[in-house]
J.: 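Can you read through this structure? Questions will come right after.
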Protein chains: 2
Amino acid sequence: MTRKRFDEMGCCVASALNEVGDWWSLLIVKQAMLGTRRYVDFQNSLGIAKNILCNRLSRLVENGVMVRVDVGEHGKRYEYRLTDKGRDLFTVVTALRQWSERWNGAQDSMQLVDRQTGEPLAPVTVQNQQGQPLTVRDVRFVDEDGKPFEEAGRPSPL
Amino acid sequence: MTRKRFDEMGCCVASALNEVGDWWSLLIVKQAMLGTRRYVDFQNSLGIAKNILCNRLSRLVENGVMVRVDVGEHGKRYEYRLTDKGRDLFTVVTALRQWSERWNGAQDSMQLVDRQTGEPLAPVTVQNQQGQPLTVRDVRFVDEDGKPFEEAGRPSPL
DNA sequence: CTTATTTGGTTTCGTTTTGCAACCATTCTG
DNA sequence: CAGAATGGTTGCAAAACGAAACCAAATAAG
């Protein structure tokens with residue numbers, strides 16, 4: 001009775017969640033985006049148990065989201081840094097942050113601004129090739145053949 | 001020894017994860033975006049245990065992400081539908097899907113296209129007010145006062 | 001140089017969560 | 001009416017989690 005395997009569901013959302021879908025991983029990534037690199041700093045800023053932190057950092061490294069780099073003279077002093085793959089989660093984290101701000105109110109003492117202009121960011125949206133924003137009702141799920149996807153004979157009205 | 005409370009961390013990413021951050025919730029939302037509405041259909045399409053599904057649906061309803069609506073003649077036949085708040089997670093789910101496709105390869109039999117044109121979607125990006133894409137290096141985290149945020153005296157070089 | 005502290009872990013143990021299967025009460029279907 | 005489907009709940013075993021203790025190497029303090 002292991003935990004359900006998400007990587008074998010043939011759904012890329014599921015396999016993404018398999019890598020960063022537990023309670024802590026995305027928070028660690030978010031913290032890393034704030035500049036945190038050291039084991040102890042993650043522990044203090046997140047208030048996570050040490051064994052869990054170890055486990056999560058290992059898994060993030062395994063999955064290529066972070067790297068562990070030696071920074072001590074004779075080893076035994078490390079930093080955990082985001083890889084390109086990890087930095088690419090910026091979109092996900094930002095979308096999640098904005099969603100929470102929109103629906104739960106901004107309980108956050110922190111804000112994200114454009115480094116150049118100092119202006120707040122635009123809301124993250126899904127767009128078509130022309131740059132027009134799309135909602136979930138504006139899209140269709142299709143097979144690789146282009147045939148519309150039918151979930152259990154349901155015409156997906158939402 | 002309850003699970004760590006994410007809603008009291010003063011971070012909106014944390015409180016978002018508190019609502020939809022466990023292994024199953026986002027997958028249920030994603031499935032709902034495909035058109036699934038019924039308890040049994042969620043169960044069959046996701047292969048989730050019934051008690052877990054019950055628990056997750058209840059929590060999603062509690063948090064205003066989904067609603068349970070009566071569709072039977074005399075009750076006892078329900079549908080779970082996304083609310084506006086739930087549909088607004090489309091950005092997050094799509095960003096996650098695209099991230100997984102980019103870095104793990106498309107192991108998915110399904111594709112998202114613009115309902116109007118049939119074209120695939122543009123990659124979800126974080127943008128500034130002018131619509132220019134921003135990476136995590138192009139932004140700054142600031143206090144409500146506008147002062148740059150310093151994590152444990154670290155100048156956030158990434 | 002010697003001691004204390006920091007860092008990055010691992011181990012132990014009790015609690016919580018998860019997954020599976022069995023069970024149950026309505027409600028549709030044949 | 002009989003049988004299946006729907007939407008649950010309960011009980012149990014396995015796994016994951018959280019807190020604290022413990023540990024070894026590296027660094028900092030005196």
J.: Expressed in angstrom and rounded to an integer, what is the separation of A:I52 atom CD1 from C:dT11 atom P?
T.: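 Distance check: A:I52 CD1 to C:dT11 P gives 14 Å.
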
J.: Could you pull out every donor-acceptor pair under 3.5 Å between side chains of residues 51-61 of chain A and any protein atom, sequence neighbours left out?
T.:
residue : atom : partner : partner atom : Å
A:R56   : NE   : A:D22   : OD2          : 2.3
A:R56   : NH2  : A:D22   : OD2          : 3.2
A:S58   : OG   : A:C54   : O            : 2.8

J.: Please examine the side chains of B:C12 and A:M110, heavy atoms only from C-beta on, and report whether any two atoms are closer than 4.5 Å.
T.: no

J.: Take atom CG of A:L17 and atom C1' of C:dT18, then tell me their distance rounded to the nearest Å.
T.: 17 Å

J.: Between N or O atoms, less than 3.5 Å apart, protein on one side and nucleotides 7-10 of chain D on the other: list the pairs.
T.:
residue : atom : partner : partner atom : Å
D:dG7   : OP1  : B:R38   : NE           : 3.3
D:dG7   : OP1  : B:Y78   : N            : 3.1
D:dG7   : OP1  : B:Y78   : O            : 3.0
D:dG8   : OP1  : B:R68   : NH1          : 2.6
D:dG8   : OP2  : B:R68   : NH1          : 3.1
D:dG8   : OP2  : B:Y80   : OH           : 2.4
D:dG8   : N7   : B:K50   : NZ           : 2.9
D:dG8   : O6   : B:K50   : NZ           : 2.6

J.: Calculate the interatomic distance between B:W23 atom CH2 and C:dG19 atom P; express it in whole Å.
T.: 10 Å

J.: Ion pair present between B:D88 and B:K85, side-chain N to carboxylate O less than 4.0 angstrom?
T.: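 Salt bridge between B:D88 and B:K85, a charged N being under 4.0 Å from a carboxylate O: no.
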
J.: Is there a side-chain polar atom (N or O) of A:W24 under 4.0 Å from OP1 or OP2 of D:dG18?
T.: yes

J.: Nearest whole angstrom, please: distance from the C1' of C:dG19 to the CG of B:L46.
T.: 15 Å

J.: OG1/B:T94 to CD/A:Q127 distance, rounded to the nearest 0.5 angstrom?
T.: 12.0 Å

J.: Rounded to the nearest Å, what distance is computed from the CZ atom of residue A:R37 to the P atom of nucleotide C:dT6?
T.: 22 Å

J.: Would you indicate whether the side-chain heavy atoms of B:V124 and B:W99 approach each other to under 4.5 Å?
T.: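 Answer no - side chains too far apart.
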
J.: What is the distance from CG of A:N55 to P of C:dT11, rounded to the nearest Å?
T.: 13 Å

J.: Rounded to whole Å, how long is the line connecting atom CG of B:D70 with atom C1' of C:dC28?
T.: 15 Å

J.: We want to know whether B:E19 and A:N104 form a side-chain donor-acceptor pair, criterion being a heavy-atom distance below 3.5 angstrom.
T.: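 Looking only at side-chain atoms, A:N104 and B:E19 do form a donor-acceptor pair, the distance falling under 3.5 Å.
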
J.: In whole angstroms, how far is the P atom of C:dT7 from the CD1 atom of A:I48?
T.: 17 Å

